[in-house]
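Okay, structure first, notes after.
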Amino acid sequence: MTPMIEIWSYLSEGPLLWLTATLVAYLIGDGIFRATGRQPWANPVLLAVILLAVMLHVTTTDYATYFEGAQFVHFMLGPATVALAVPLFGNLAQVRRMALPMIAALLIGSLTAMLSAVAIGWAMGLDGATLLSLVPKSTTAPVALGISEQIGGSPTLTAVLVILTGIIGAIVVTPLLNLLRVKDWRARGFATGVAAHGIGTARAFQVNETAGAFAGIGMGLNALLTALIAPYIAGLFL
């Protein structure tokens with residue numbers, strides 16, 4: 001065994017390696033994102049995922065080994081989600097004034113996100129756990145995984161779908177809303193949070209502070225509504 005292989009074998013067993021790799025991959029992705037002038041297609045999460053996937057493939061590292069080291073990042077999803085109560089409190093006056101439009105948008109957006117995904121999957125012949133895993137894909141990861149497990153889906157598959165939904169949403173949201181000529185930052189942010197959860201919310205904050213605040217509100221409310229409605233949606237397709 002060569003010295004480099006021996007060194008790698010030793011390092012790969014340490015949990016800090018994969019936590020460090022995750023943070024470095026994101027920093028590289030964020031650096032590229034800033035260098036491109038914050039272009040939507042250069043989403044730092046997407047770039048970090050690609051970098052980590054290549055690294056895991058080249059080093060023949062399985063996901064279980066990686067997650068053992070990087071699970072601290074996963075753990076922080078919970079506190080980060082709870083922290084979204086801060087923008088809700090800070091914009092409470094505006095939320096009260098817009099309560100009815102927001103409730104209507106939340107109901108339509110949340111139901112559309114769940115029903116459209118499951119209906120398309122069902123039409124394409126998906127069934128069982130695979131189909132049910134689609135239900136909470138527009139919800140923030142900690143909530144989505146719990147919902148998926150509760151309704152009989154695959155939490156692992158749901159996690160992948162959640163990340164893909166967030167990345168796609170973050171990439172298309174700005175050009176799409178510009179094309180639709182939606183100019184109200186509150187509406188833009190709320191729609192982004194409902195459709196693309198945390199990754200979309202991060203993108204909204206990069207574009208406009210008010211949009212980011214309302215994206216956080218939409219994300220939190222959508223998580224609550226999805227948790228309440230998802231079992232009934234799942235029952236329609238069982």
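For reference, positions follow the sequence shown, starting with 1. As a basis for the values below, the full set of heavy atoms in this structure was taken, side chains included, without hydrogen atoms, waters or symmetry mates.
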#### Entry: Stepwise side-chain contact (heavy atoms from CB on, under 4.5 Å) check, Arg188 with Asn178
CA-CA 10 Å; Arg188 290 173 69 109; Asn178 287 342; 3.0 Å; yes

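- Taking CG of Leu145 as the reference point, atom OG of Ser154 lies at 9.5 Å (rounded to 0.5 Å).
- His197 and Thr140 get closest at one heavy-atom pair: CB-N, 3.6 Å.
- Using modelled atom types and a 3.5 Å distance limit, the side chains of Thr59 and Thr61 yield a donor-acceptor pair.
- Atom-to-atom distance recorded for Ser116:OG and Lys137:NZ is 5.0 Å, nearest 0.5 angstrom.
- In plain terms, the two heavy atoms of Gly169 and Ala196 that are nearest each other are CA-CB, 3.9 Å.
- One finds the CG atom of Leu23 at 13.5 Å from the CH2 atom of Trp18 (value rounded to the nearest 0.5 Å).
- Not one N or O on the side chain of Arg203 forms a donor-acceptor pair closer than 3.5 Å with the backbone of Ile171.
- Contact check for Ile229 versus Met114: side-chain heavy atoms found under the 4.5 Å cut-off.
- Neither Ile108 nor Val194 shares a network with the other; the hydrophobic side chains, linked directly or stepwise wherever heavy atoms of I, L, V, M, F, W or Y lie under 4.5 Å apart, form separate groups for each.
- Taking the side chain as every heavy atom from C-beta outward, Thr139 and Val162 never approach each other to under 4.5 Å.
- Taken from CG in Leu27 to CD1 in Ile32, the straight-line distance is 11.5 Å, to the nearest 0.5 Å.
- Hydrophobic clustering places Leu157 together with Val135 (ILVMFWY residues linked when any side-chain heavy atoms are closer than 4.5 Å, directly or through intermediates).
- Taken together through direct or relayed side-chain contacts under 4.5 Å among Ile, Leu, Val, Met, Phe, Trp and Tyr, Tyr26 and Ile163 form part of one hydrophobic cluster.
- A single hydrophobic cluster is seen to contain both Leu115 and Val118, as judged by linkage of ILVMFWY side chains at heavy-atom distances under 4.5 Å, directly or through other members.
- Summarising the geometry of Thr226 relative to Pro231, their closest heavy-atom pair is O-CD, 4.4 Å, with the distance given to 0.1 Å.
- The backbone N or O of Phe33 sits less than 3.5 Å from a side-chain atom of Thr36, completing a donor-acceptor pair.
- Between Ile147 and Ala230, the shortest heavy-atom contact is CG2-CB, 3.5 Å.
- With contacts defined as side-chain heavy-atom distances shorter than 4.5 Å, the pair Phe190/Met102 qualifies.
- Considering every non-hydrogen atom in both Pro136 and Thr158, the closest pair reads CG-CG2, 3.8 Å.
- Atom CD of Gln150 and atom CG of Leu132 lie 11.5 Å apart (nearest 0.5 Å).
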### Task
Determine, step by step, whether Asp30 and Arg34 satisfy the salt bridge (Lys or Arg N to Asp or Glu O under 4.0 Å) criterion, reporting the C-alpha distance in whole Å, the side-chain angles of both residues, the deciding distance to 0.1 Å, and the verdict.
CA-CA 6 Å; Asp30 189 57; Arg34 293 173 184 273; 2.8 Å; yes

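- Between atom CG of residue Leu111 and atom CD1 of residue Ile233 there is a gap of 5.5 Å, rounded to the nearest 0.5 Å.
- No more than 12 heavy-atom neighbours from other residues, nucleotides or ligands sit within 6.0 angstrom of CD on Glu209.
- Under a hydrophobic clustering in which Ile, Leu, Val, Met, Phe, Trp and Tyr are joined whenever their side-chain heavy atoms come within less than 4.5 Å, directly or via other members, Leu164 and Leu126 fall into different clusters.
- The side-chain heavy atoms of Thr192 and Phe214, taken from C-beta on, include no pair separated by under 4.5 Å.
- Applying the salt bridge (Lys or Arg N to Asp or Glu O under 4.0 Å) test to residues at least two apart or on different chains, none of the pairs has a partner in residues 155-181.
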Run the side-chain donor-acceptor check on residues 42-57: report pairs under 3.5 Å with partners two or more places apart or on a different chain.
{"from": "Asn43", "atom 1": "OD1", "to": "Val45", "atom 2": "N", "distance (Å)": "3.0"}
{"from": "Asn43", "atom 1": "OD1", "to": "Leu46", "atom 2": "N", "distance (Å)": "3.2"}

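- Between Val143 and Ala223 the shortest heavy-atom distance is CG1-O, 3.8 Å.
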